[in-house]
Amino acid sequence: MNLSIKWYIFFILCSFVVKNSFSQQQYENKKIKFIESVAEYSTLEEFLSRPIYKNKIVYIDLWGTTCLPCLKEFKYMNTLKKKLKNYDISFLFICQNTQGDTNNEWKRKWKSIVNKYQLEGTHIYTYLKPPDKFVHEKIDFEYMKKNINEPLGYGIPRYLIAKGGKILIYNAYKPSDVFKLTHQIDSLNLF
């Protein structure tokens with residue numbers, strides 16, 4: 001191989017490495033935390049009892065990678081966070097998929113969506129069918145039919161508000177209803 005071809009190949013390889021490094025840096029956000037497994041927790045309330053959430057309000061977003069209404073609401077998250085900046089609030093996003101499995105393809109899609117919308121907060125991936133009972137232990141179809149009067153149980157997107165390890169509101173307002181949601185949080189007299 002002559003020298004000019006070697007330099008050309010070297011240039012192409014360097015460009016590829018620089019491009020990939022830039023795209024990785026572009027999506028890296030230290031305020032986005034992915035939790036790969038919640039196997040050590042048997043319920044959502046157990047997870048919410050972690051010290052990181054002590055005395056904090058937790059706004060929980062239940063969503064799915066193929067749920068268009070869920071993705072549409074992500075556009076309002078930055079506005080919501082600005083409105084709630086004076087509140088001691090954490091954001092927990094629980095991605096529930098009914099399709100596929102907890103394999104790498106679905107997890108890559110999950111992370112890609114989170115990074116695309118820059119959803120700052122804690123992110124959990126769950127598979128909606130047994131044996132993953134993390135969400136269903138406390139938030140199951142029967143509970144929702146009985147307590148929320150929703151004959152079909154619940155669907156996504158679904159928003160919850162918790163504090164002190166307890167879910168206080170199972171039907172919180174969505175991010176696009178920022179003023180109603182703020183009023184809902186204030187009405188709990190949590191501050």
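Start at 1 with the first residue, then count along the sequence. Just so you know, these numbers use all the heavy atoms, side chains as well, and skip hydrogens, waters and symmetry mates.
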Distance check, rounded to the nearest 0.5 Å: [X] atom [atom1] versus [Y] atom [atom2]?
| X | Y | atom1 | atom2 | value |
| --- | --- | --- | --- | --- |
| K166 | L168 | NZ | CG | 9.5 Å |
| I89 | K163 | CD1 | NZ | 10.5 Å |
| C95 | K107 | SG | NZ | 10.5 Å |

Minimum heavy-atom separation for [X] to [Y], with atom names?
| X | Y | answer |
| --- | --- | --- |
| S90 | Y53 | CB-CE2, 3.8 Å |
| I156 | Q96 | CG2-NE2, 4.0 Å |
| Q118 | N78 | O-OD1, 4.5 Å |
| C70 | G64 | SG-N, 3.8 Å |

Below 4.5 Å, heavy atoms only, C-beta onward: do [X] and [Y] meet side chain to side chain?
| X | Y | result |
| --- | --- | --- |
| L62 | F93 | no |
| I185 | L84 | yes |
| Y173 | T182 | no |
| T66 | W106 | yes |
| L160 | I169 | no |
| I60 | F91 | no |
| M77 | L80 | yes |
| D177 | F179 | no |

Check salt bridge (Lys or Arg N to Asp or Glu O under 4.0 Å) between K30 and all other residues, then give those that pass, not counting sequence neighbours.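 Partners of K30 under the salt bridge (Lys or Arg N to Asp or Glu O under 4.0 Å) test: E28.
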List for me each residue that meets salt bridge (Lys or Arg N to Asp or Glu O under 4.0 Å) alongside K174, sequence neighbours excluded, and say none if there are none.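 So K174 forms no salt bridge (Lys or Arg N to Asp or Glu O under 4.0 Å) with any residue.
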In sequence, state the C-alpha distance, the side-chain angles, and the governing distance for N115 and N29, and then conclude on side-chain contact (heavy atoms from CB on, under 4.5 Å). CA-CA 8 Å; N115 286 322; N29 183 333; 5.6 Å; no
Report the C-alpha separation of I161 and I57 in whole Å, then their side-chain angles, then the decisive distance to 0.1 Å, and conclude whether the side-chain contact (heavy atoms from CB on, under 4.5 Å) test is met. CA-CA 7 Å; I161 299 175; I57 294 172; 3.8 Å; yes
Residues which pass side-chain hydrogen bond (donor to acceptor under 3.5 Å, both in side chains) with [X], listed by chain and number, not counting sequence neighbours:
| X | answer |
| --- | --- |
| S176 | E73 |
| K85 | none |
| Q184 | none |

Just jot down the side chain to side chain contact (heavy atoms under 4.5 Å, CB included) partners of [X], sequence neighbours excluded, or say none.
| X | result |
| --- | --- |
| V114 | I32, F34, W63, W110, L119, H123 |
| K72 | none |
| K75 | Y117 |

Going by salt bridge (charged side-chain N to carboxylate O under 4.0 Å, His left out), name the pairs with one or both residues in residues 47-60, residues two or more places apart or in two chains.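 Every pair satisfying salt bridge (charged side-chain N to carboxylate O under 4.0 Å, His left out) with a residue in residues 47-60: K56-D88.
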Looking only at the aromatic ring of each residue, does the gap between the centers of Y159 and Y59 stay below 6.0 angstrom?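 Yes, the ring centres sit under 6.0 Å apart.
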Would you please test L92 and L44 for side-chain contact (heavy atoms from CB on, under 4.5 Å) and show each step? CA-CA 11 Å; L92 175 61; L44 179 56; 4.3 Å; yes
